[in-house]
Number of protein chains: 2
Amino acid sequence: MKRLLEEKDAFHDKCRERGLKLTPQRLAIYEAMRYSKEHPSIDMVYQKIKKKFPRISFDTVYRTLITLCDIGLVKPVEGYGYTRRFDPNTGQHHHFHCVKCQKIVDFYDQTYDRLTAPSKIAPGYKILSKKVVVEGLCPDCS
Amino acid sequence: MKRLLEEKDAFHDKCRERGLKLTPQRLAIYEAMRYSKEHPSIDMVYQKIKKKFPRISFDTVYRTLITLCDIGLVKPVEGYGYTRRFDPNTGQHHHFHCVKCQKIVDFYDQTYDRLTAPSKIAPGYKILSKKVVVEGLCPDCS
DNA sequence: TTACAAATAAGAATTATTACTATATAGTTT
DNA sequence: AAACTATATAGTAATAATTCTTATTTGTAA
């Protein structure tokens, strides 16, 4: 309970900081993302939110997810040509993609975290993030 | 010139092997991909091919790129929610993505190539590929 | 509590992706 | 070299994803 309140406040502060209004829709979208594990698409979030806000528009969910990316509360997930998906986990981690069912699984690995940028792309390039993407078949599909 | 012929033959053989017919369209699409450096989208390939084959349909380009992926001559590129793009480089390499202009740059790094799969995702998961994706700003954008 | 900038809903427009069908063609086989 | 047949293609239509427009509503700061 305390944790919930703290997060709500963190979100509150982040919005304030950026001059964004704290609307119920925006908060609901953030919370739906925050506790999701499935790296949802815009439509998946929209379907979930609709249960609480039957009158919310798809566009609001769409814009809000982009906004949440802009302020760094969620991240777009790298994908292979299907729908865009989002990740509430903004910390350093890596992804496994199932090539069959398109499931995306987070994993943590210190070796991967410690990778340094190769010197070849260093000069002129400003590096913002590095991550390892593993593809294969998940236990359900293999 | 010799190299060109060899590649044409390699393509020829690969098609034969899979029971695919060697059509001028298919060859043109393959060659357009083969010598591209920009990780083109379906539409980029279509626009290029149209100059040689004004009557080619978008669908043919679309289907052919999927076919080329199926037979392993090109690979879909991991992307962040924009249009699907393809890579003629099927060897082990890694990508830099410019977050501003969406340019994708190949790079090679032996340390990255040698990464092993973390034990956490080993049991049950069948790993097919691993690659490092670096995001940031390219020299033109930074 | 009022004014105002920002956010929303609703729907339309745009762009991307995929599917369908009649015709044409590559690669045989006769 | 003519005919055959399984694919492949062009043309177009359908579906899905993304973005824009406009009128209205709502947080927030004064």
Side-chain angles (χ1 to χ4, degrees), chain A residues 8-9 11-30 32 39-47 49-71 73-74 76-86 102, chain B residues 8-9 11-32 39-71 73-74 76-86 102:
Chain A
K8 201 164 172 174
D9 284 347
F11 178 69
H12 195 281
D13 292 348
K14 194 84 181 181
C15 286
R16 274 286 178 78
E17 192 184 296
R18 302 293 189 115
L20 297 173
K21 291 180 179 173
L22 201 77
T23 64
Q25 292 93 333
R26 197 167 267 170
L27 183 60
I29 292 164
Y30 170 68
H39 309 82
S41 65
I42 299 174
D43 197 58
M44 285 160 81
V45 177
Y46 174 57
Q47 298 305 332
I49 297 291
K50 263 209 305 199
K51 290 172 191 158
K52 278 196 181 176
F53 289 84
R55 307 188 58 81
I56 202 167
S57 73
F58 180 85
D59 184 62
T60 295
V61 178
Y62 165 78
R63 273 181 304 92
T64 302
L65 284 171
I66 305 288
T67 302
L68 293 178
C69 286
D70 289 345
I71 65 178
L73 291 176
V74 310
V77 179
E78 73 288 344
Y80 288 88
Y82 308 96
T83 330
R84 188 185 309 193
R85 292 167 70 169
F86 296 88
Q102 269 80 59
Chain B
K8 201 163 173 175
D9 284 347
F11 178 68
H12 195 282
D13 293 349
K14 194 83 181 180
C15 287
R16 274 285 178 78
E17 192 184 295
R18 303 292 190 117
L20 298 173
K21 291 181 178 171
L22 201 77
T23 64
Q25 292 93 333
R26 198 167 266 171
L27 183 60
I29 291 164
Y30 170 69
E31 300 217 311
H39 309 83
S41 65
I42 299 174
D43 197 58
M44 284 160 82
V45 177
Y46 174 57
Q47 298 304 331
K48 197 192 271 182
I49 297 290
K50 263 209 304 198
K51 289 173 191 160
K52 278 197 181 175
F53 289 84
R55 306 186 60 81
I56 203 167
S57 72
F58 180 85
D59 184 59
T60 297
V61 178
Y62 165 78
R63 273 181 305 92
T64 302
L65 284 171
I66 305 289
T67 303
L68 293 178
C69 286
D70 288 346
I71 66 177
L73 290 176
V74 310
V77 179
E78 75 288 344
Y80 288 89
Y82 307 96
T83 330
R84 187 188 309 194
R85 292 167 71 169
F86 297 88
Q102 270 79 59

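Below, each value reflects all heavy atoms present in this structure, side chains not excepted, and no hydrogens, waters or symmetry copies. Convention: sequence-line order gives letters A, B, ...; per-chain numbering from 1.
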Inset, instruction - Please tell me which of Leu20(A) and Asp43(B) maps to the more 5' nucleotide of DNA chain C, matching each residue to the nucleotide holding its nearest heavy atom. - result: Leu20(A)
Inset, instruction - Give Arg16(B) one of three labels, base, sugar-phosphate or nothing, depending on what nucleic acid heavy atoms sit under 4.0 Å from its own. - result: sugar-phosphate
What pairs of nitrogen or oxygen atoms, one from the protein and one from nucleotides 10-13 of chain C, lie under 3.5 Å apart?
from	atom 1	to	atom 2	distance (Å)
dA10(C)	OP1	Arg55(A)	NH2	2.3
dA10(C)	OP2	Arg55(A)	O	3.0

Inset, instruction - Among dT28(D), dT17(C), dA10(D), find the nucleotide with the atom closest to the side chain of Thr60(B). - result: dA10(D)
Inset, instruction - Tell me which nucleotide among dT18(D), dT9(D), dT7(D) gets nearest to the side chain of Thr64(B). - result: dT9(D)
Inset, instruction - Name the nucleic acid region contacted by Arg26(B), choosing base, sugar-phosphate or nothing; use a 4.0 angstrom heavy-atom cut-off, strictly under. - result: sugar-phosphate
Inset, instruction - Going by the side chain to side chain contact (heavy atoms under 4.5 Å, CB included) test, name the single residue among Arg16(A), Lys14(A), His12(A) that passes it with Leu22(A). - result: His12(A)
Inset, instruction - Tell me which nucleotide among dG27(D), dT18(C), dA16(C) gets nearest to the side chain of Leu22(A). - result: dG27(D)
Inset, instruction - Under 4.0 Å between any heavy atoms, over every strand shown, what does Arg84(A) touch: base, sugar-phosphate, or nothing? Just pick one. - result: sugar-phosphate
Legend entry - Rounded distance (nearest 0.5 Å) linking atom CD1 of Ile42(A) with atom CZ of Arg84(A): 5.5 Å
Inset, instruction - Just compare dT9(D), dA7(C), dA17(D) and give me whichever is closest to any side-chain atom of Thr23(A). - result: dA7(C)
Inset, instruction - Ignoring backbone atoms, establish whether Arg63(B) has a side-chain N or O less than 4.0 Å from OP1 or OP2 of dT18(C). - result: no
Inset, instruction - Have a look at Ile42(B) and say if it touches a base, only the backbone sugar-phosphate, or nothing, with a 4.0 Å heavy-atom cut-off. - result: nothing
Legend entry - Options dA26(C), dA17(D), dA10(D), nucleotide nearest the side-chain atoms of Gln25(B): dA10(D)
